[in-house]
Amino acid sequence: MTSETTQKFYYPSEEVVKNAAVSGMEAYKALVAEADKDYEGFWGKRAKELIDWQTPFTQVLDESNAPFFKWFADGKLNVSYNCLDRQVQKGLGDKVALIFEGDKGDIAKVTYSDLLTRVSKFANALKAQGVKKGDRVVIYLPMSIEGVVAMQACARIGATHSIVFGGFSAQSLADRINDAGAVLLITSDGQNRGGKALPLKSIADEALASGCPTITSVLVVKRTGAETAMVAGRDIWADEIVAQMSDVCEPEWVEAEHPLFLLYTSGSTGKPKGVQHSTGGYLLHAILTMQYTFDIKPDDVFWCTADIGWVTGHTYITYGPLACGATEIVFEGVPTYPDAGRFWKMIQDHKVSIFYTAPTAIRSLIKAADNTPAVHPKQYDLTSLRLLGSVGEPINPAAWEWYHENIGGGRCPIVDTFWQTETGGHMITPLPGATPLIPGSCTLPFPGIQAAVVDETGTEVPWGQGGILVVKRPWPSMIRNIWGDPERFVKSYYPADFQGKLYLAGDGAIRDKDTGYFTITGRIDDVLNVSGHRMGTMEIESALVAHEKVAEAAVVGRPDDLTGEAIVAFVVLKGARPTGDEAAKVLKELQNWVGQEIGPIAKPKDIRFGENLPKTRSGKIMRRLLRQLAKGEEITQDTSTLENPAILDQLKG
Ligand code: 6R9
């Protein structure tokens with residue numbers, strides 16, 4: 001190790017090392033060596049120890065139908081049983097499982113016993129509506145106790161849930177319901193966000209009216225109390241039906257490979273992919289990462305600020321913390337309401353010890369703290385914190401340093417966790433009591449995860465050289481399939497370029513030439529990362545061209561200080577190219593249109609109008625030029641294959 005590399009490290013304190021589940025770098029290396037030596041033994045041992053099985057498994061990994069891997073396939077279990085019943089049996093019934101804080105500051109605490117009762121009643125309500133093992137249930141709910149209860153209730157009866165983020169439009173909701181063939185929808189009258197009550201049921205009604213033939217009933221949770229139209233014979237108030245149910249519901253024991261959930265995520269083509277996860281392997285990684293990465297302890301108050309509509313909310317709100325018997329926060333609101341000190345006040349009020357959030361939130365709160373001293377984190381007592389986490393996008397070193405200093409008081413390690421909807425849990429991440437940290441690097445693979453950086457042929461590149469991020473061996477919590485589209489699964493994740501042998505993450509990466517630490521360099525496909533949310537450029541393009549005025553559209557990303565990437569659209573209208581006020585008017589109209597078609601997170605930040613798009617002679621849109629234009633750069637690239645160079649001037653910002 002050179003002195004230069006020694007300097008850039010942040011080492012965990014002796015006390016952190018001493019108390020950590022993985023204590024010291026030697027312990028980390030020993031785990032990696034254990035997995036290298038006996039891969040199946042490594043995972044099998046932990047699956048036995050960490051999960052309560054109704055029927056034990058006899059085989060760890062079945063690779064006979066690769067890349068459709070099976071883990072623990074002949075074992076049977078129930079995730080809800082592992083999260084709730086076993087905590088109560090261990091004597092944790094009176095321990096607080098969830099601390100819910102509403103947008104307006106209302107607080108509710110739910111113990112493990114209460115949660116078991118609520119989940120059992122809800123599960124019985126689902127059964128009363130005819131939901132059976134293997135049926136798909138779509139959940140379109142705000143951050144709420146009911147959201148967690150509904151997910152756990154599905155798991156309890158073996159129904160496969162598919163959460164649709166509450167910010168998605170009617171169209172997006174309908175597409176997901178239909179792709180999944182869901183029989184039941186769970187939604188709420190509305191949601192509270194930033195001091196406003198927003199509708200939800202009416203959006204769900206619009207989705208169902210557009211044609212969702214498989215849905216037979218809708219359970220409606222009361223939240224805002226807004227007047228809500230109910231369709232007779234289809235819509236039922238959840239509280240009314242749940243009140244009539246027994247509080248005992250025997251868990252449905254399912255095979256380890258039974259699909260626990262689908263979660264739709266953007267890919268490089270227009271249609272979102274229904275990422276299918278398993279039961280046993282998924283639960284194992286949720287628990288193991290809670291232990292190793294978050295070093296979860298009985299007295300911790302754990303807070304993951306993600307929404308249950310994203311995978312982070314699945315693994316690190318609904319499943320991981322509960323399977324470990326932890327106490328966790330569920331927050332309905334937004335970080336900036338009533339002011340940008342909300343997160344820090346909640347950490348102070350609830351004595352949060354582990355805090356897990358996204359770089360985009362940190363960056364916006366840095367800005368707020370700079371502008372408004374009253375919401376600066378130093379106004380709050382954050383001494384309860386012992387560990388910080390980051391997820392969703394690369395964290396820039398300046399934001400890392402601020403987070404470390406101002407939130408972590410210089411004493412809390414930061415785990416920068418790289419993973420994806422498809423991976424189920426952390427893939428490359430520091431372990432807090434082991435890994436020396438370098439701001440901006442997600443450091444080293446989680447024990448048992450064989451990540452590598454390769455070239456186009458699948459050959460590993462030397463450290464210091466950028467390439468394509470892959471995973472060399474299957475792992476328990478990996479995606480099992482794309483719902484209803486096994487061919488797309490193989491093509492997307494086990495492409496022929498790598499002889500079908502390597503999992504393709506879709507990100508680029510580089511390993512530090514001295515330490516081997518990984519830094520993620522961003523997506524290598526047509527997927528953008530806006531505020532930690534994945535958006536497919538094709539999805540946005542399809543929405544734009546569905547507008548009556550639009551003839552053609554191309555969407556690219558541009559780096560953005562606050563949101564990581566921002567969406568820029570290049571649009572050709574059917575009529576004349578608009579300029580001045582007219583351009584501003586159409587721009588607003590198209591932004592709102594995309595908001596309605598997909599959801600507000602997909603709205604382009606900037607739209608440029610041209611009489612055409614830059615194309616090659618064969619008619620291919622030259623996206624690399626659009627990327628340069630989006631950044632406001634002069635075109636330095638070769639334009640010799642461009643048929644219509646004059647168009648570039650029109651598309652400059
Ligand atoms: C968990 C989650 C996955 C994509 C992924 C990558 C980016 C996530 C990151 C990160 C750098 C990190 N990403 N964590 N990039 N450092 N710590 O975010 O899942 O919504 O599927 O997004 O997010 O580009 O491929 P998902």
Side-chain angles (χ1 to χ4, degrees), residues 163 165 167-168 261-268 272-277 282 285-286 289 293 304-317 319-320 356-363 388-397 399-400 403 414-430 435 437-446 449 451 453 466 468-471 477-479 482 492-493 503-511 517-537 539 557 559 563-565 601-602:
I163 319 291
F165 173 59
F168 275 122
F261 66 88
L262 312 179
L263 184 57
Y264 285 82
T265 190
S266 297
S268 32
K273 313 185 258 202
V275 172
Q276 178 185 325
H277 274 287
Y282 172 80
H285 205 54
T289 50
T293 314
C304 163
T305 68
D307 191 285
I308 49 165
W310 310 115
V311 72
T312 307
H314 284 58
T315 309
Y316 300 108
I317 294 177
Y319 293 117
Y356 189 36
T357 196
T360 187
I362 297 166
R363 287 193 297 264
L388 303 175
S390 172
V391 61
E393 52 179 317
I395 178 164
N396 48 306
W400 193 104
Y403 193 31
I414 299 177
V415 288
D416 175 2
T417 60
F418 167 82
W419 61 295
Q420 311 175 291
T421 303
E422 294 88 341
T423 70
H426 303 154
M427 297 298 279
I428 307 181
T429 177
T435 322
L437 306 173
I438 297 180
S441 168
C442 52
T443 74
L444 296 169
F446 190 85
I449 301 297
V453 182
I468 302 164
L469 181 66
V470 296
V471 186
S477 65
M478 67 187 296
I479 175 175
I482 292 175
S492 308
Y493 302 111
Y503 168 84
L504 178 70
D507 283 289
I510 183 166
R511 303 189 68 166
Y517 276 18
F518 288 74
T519 292
I520 306 298
T521 51
R523 299 288 305 191
I524 53 171
D525 52 13
D526 291 325
V527 173
L528 306 181
N529 191 326
V530 182
S531 295
H533 301 315
R534 271 165 72 167
M535 296 302 323
T537 52
E539 228 176 310
T563 56
E565 271 189 300
I601 48 171

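Both counts, for ligands and for their atoms, begin at 1 and track the order of listing. Along the sequence shown, residues carry numbers from 1.
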Quick check against the 3.5 Å criterion: does S266 have a side-chain atom that pairs as donor or acceptor with the backbone of P272?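 Flag not set: sc S266 to bb P272 has no pair under 3.5 Å.
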Results of salt bridge (Lys or Arg N to Asp or Glu O under 4.0 Å) for [X] - residues two or more places apart only:
X	value
E565	none
D507	R523
R363	E393

Protein residues that have a heavy atom under 4.0 Å from any atom of ligand 1, sorted by chain and number: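 If the criterion is a heavy atom under 4.0 Å, then ligand 1 touches V311, T312, V391, G392, E393, P394, D416, T417, F418, W419, Q420, T421, D507, I520, R523, N529, R534.
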Measuring from Y403:OH to L388:CG, what's the distance to the nearest 0.5 Å?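 That separation rounds to 4.5 Å.
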Specify whether Y316 and Y356 have parallel, tilted or perpendicular ring planes, treating 30° as the upper limit for parallel and 60° as the lower limit for perpendicular.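 Rings of Y316 and Y356: perpendicular, as their planes differ by over 60°.
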